[in-house]
There are 2 protein chains.
Amino acid sequence: MPTTITDVAARSGVSSATVSRVLQGSPRVSPAALERVQAAIAELGYRPSGVARSLRRQQTGTLGLIVTNINNPFYPEIVRGAEDAAQRMGASIILCNAAEDPEREIAYLDLLLERRVDGVIVAAGGLTKRHEDFLSAFPSPLVLINADLPGGQVPAVLSDDEAGGRAAADHLLELGHTRLIHISGPAVREAVSLRLDGVRAAIAASDRAVTLEVVEGDGYLAGGLAARQVAERLQPPYAIITHNDVTAVGAMHALFELGIRIPDEVSVVGFDDIALAAFTNPALTTVAQDKYAMGRLAVETIARLRSGEAVTGNQVLPVHLVVRRSSGPAR
Amino acid sequence: MPTTITDVAARSGVSSATVSRVLQGSPRVSPAALERVQAAIAELGYRPSGVARSLRRQQTGTLGLIVTNINNPFYPEIVRGAEDAAQRMGASIILCNAAEDPEREIAYLDLLLERRVDGVIVAAGGLTKRHEDFLSAFPSPLVLINADLPGGQVPAVLSDDEAGGRAAADHLLELGHTRLIHISGPAVREAVSLRLDGVRAAIAASDRAVTLEVVEGDGYLAGGLAARQVAERLQPPYAIITHNDVTAVGAMHALFELGIRIPDEVSVVGFDDIALAAFTNPALTTVAQDKYAMGRLAVETIARLRSGEAVTGNQVLPVHLVVRRSSGPAR
DNA sequence: GTGAAAGCGCTAACAC
DNA sequence: GTGTTAGCGCTTTCAC
């Protein structure tokens, strides 16, 4: 049994109210009492119960952060941004890893509600109908990352996926490429079609004849292996745009296994700019998202929501192209 | 304000005690009452307060998991193993990312204590003296992953690092290599010296003259770049053993930039077998740790501790070499 | 089978 | 400046 505030009160010869005041750093405590209470706390190794405090205050000082899959190196940066922002406002984060399982995502949502967290951030990407119903009736401050709900009632933090797709395609078109392959992510994710829209827009704006082929991936390493089938039937030069960097790593691996040289024969452009992107062989050209800012912004939005502000609609963050070695002139 | 048990009781015309019984699935409830209560719960969208329940029961159903750095792809698998095991016993995980900051690690330990978690798992690697003092007096069930405390009072889950280092070196020696470079991790981690010990043991057991050079890395991509300095002064063939896979990726990148071919000129062997290892170019030969099992085992150990069992000492998990394409004969 | 009531550890009026 | 007290939402004897 941990020591309680009553134990401390008894030991220092004051009431529990005074101990509580010391705990809050209230100025209405005499120096003598203050000292005795602090001594008792130290001697007893007392630590106030967050559980009791939460019950009394009707707030827990915790935020839930649900992440599609912590295995995807895209997410840890979001987590860091959220953690740092939360720490600044004296809150802590309960991180929930849905492990790519929508049921688990909903189960966690339920759990967080039961734990009476002060707010929830969902960094999910793909929202099913069930999610929509559940989330739009969510009884706690809620912010989405890289996903949004119809109606814009739930505030969301997004990257400018369309502009990103456009930047990637523009870059390849400028290099003289006229055959583009897009390895997409799972169709449920909104970002997938937005990035593809951007690619299409860039092609439409170009004055050359450009072909685009879309291959469905899964957003993971395995999805990138679709590049193998592409490579087996196409003659270079051509260029591959992937839904994200992890897919690009898979694609580059497939090309490597077939002895195809990047970028001499085939160019590859990713999306996200994960830490690894600068270290692939060759280093990956990619569209950078400000992942850290997304996490931070989501937490700050929760704070505004809690302060009574009526935040709705999307906050769209800019992206930018990072040119490395995996993309080169078509020849 | 969320609805409370009292609201449900009023609505269904029973006492809160009966509602509570329904919540627990107690058999001592009449069918009629059961039905009315369930209806009221559904109509009100009632969800019991985990906070109040925790205060009353004196347990929270949560486990804290502190991780050195969630950015390191080694950890997510541990998280998954822990999450799955926790779910099986009806608990949930509060994941804390120390972001490579020992102070933050201690701050989280404090926080978890305050939140009255039922147990704490620390997957840290490098323990400072302050950690030792803090952890050996930790007033809550505690299990370490990939680290251990002097005295063996705190149970720990470890990989057989020494055997892993030996397996990596043996493999290279069999391939005919006589010049080994070890790019280590930060010296504070115990695993670092154990893996190196294994390498040395393999060399000692060999009947050929083998040289070993140790270069200190940081366990991250940047640390692997030390391979550049090595490559600039050494003539192939030689072989590099890295502290972990992330370091190996950095090293392979440095070699690639210098135009050195792997494994024709230089062999590289990693440690961990992260998901990415099968997708580097060339695919990485590495020593696999059973990361998922480590997370699972840690949670199971917490459960045993909580049931009153006196678990101490280390549980060492076997590792095994996975031969891929980054290692080849010395020539 | 059901209800009354006490109490988990804390905070926040409210009195003095 | 300090103490008394009520109560946050739940569970759990103890009666009946």
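Proteins get letters first, then strands, A, B, ... in listed order; numbering begins at 1 in each.
Counting to the nearest Å, the P atom of C:dA5 and the CZ atom of B:R56 are 16 Å from each other. Separating the CD atom of A:Q24 from the C1' atom of C:dC10 is a distance of 9 Å, rounded to the nearest angstrom. In this structure, CZ of B:R53 is placed 18 Å from C1' of C:dG9, rounded to the nearest angstrom. In this structure, the CD1 atom of B:I5 is 13 Å from the P atom of D:dC8, given to the nearest Å. Protein atom CD of B:E114 is 12 Å distant from nucleotide atom C1' of C:dC10, rounded to whole Å. Rounded to an integer number of Å, the gap from CZ of B:R115 to C1' of C:dC10 is 14 Å. Whole-Å rounding puts the B:D7 CG to D:dG9 P distance at 8 Å. Atom CD of A:Q59 is separated from atom P of C:dT11 by 12 Å (rounded to the nearest Å).
Contacts of A:R28 with the nucleic acid, taken as non-hydrogen atoms under 4.0 Å apart, include base atoms.
With hydrogens and angles left out, the side-chain atoms of A:Y220 and A:N69 include a donor and acceptor closer than 3.5 Å. In the model, A:Y108 has no side-chain atom that pairs as donor or acceptor with a side-chain atom of A:N97 under 3.5 Å.
Sequence order on DNA chain C of the closest nucleotides to B:V14 and A:P2 puts B:V14 first from the 5' end. The 5' end of DNA chain C is approached more closely, in terms of each residue's nearest nucleotide, by B:A32 than by the other of B:A32 and B:L55. Along DNA chain D, the nucleotide closest to A:S30 and the one closest to B:R57 are compared, and the more 5′ of them pairs with A:S30.
The minimum heavy-atom distance linking A:V316 with A:S159 is given by the pair CG1-C, 4.0 Å.
A:S15 has no side-chain polar atom (N or O) that falls below the 4.0 Å cut-off from OP1 or OP2 of D:dT2. Contact annotation: A:S49 does not reach the phosphate of C:dC8 (side-chain N/O to OP1 or OP2, under 4.0 Å). Contact between the side-chain N/O atoms of B:S20 and the OP1/OP2 oxygens of D:dT11 is found at a separation under 4.0 Å. Look at B:T18 and you'll find a side-chain N or O under 4.0 angstrom from OP1 or OP2 of C:dG3. Taking 4.0 angstrom as the limit, B:Q58 places a side-chain polar atom (N or O) nearer than this to OP1 or OP2 of C:dG9.
Between the side chain of A:N146 and the backbone N or O of A:L158 there is no donor-acceptor pair closer than 3.5 Å.
Side-chain N/O atoms of B:R21 and base N/O atoms of C:dG3 include a donor-acceptor pair closer than 3.5 Å.
More than 12 heavy atoms of other residues, nucleotides or ligands sit less than 6.0 Å from atom CZ of B:R304.
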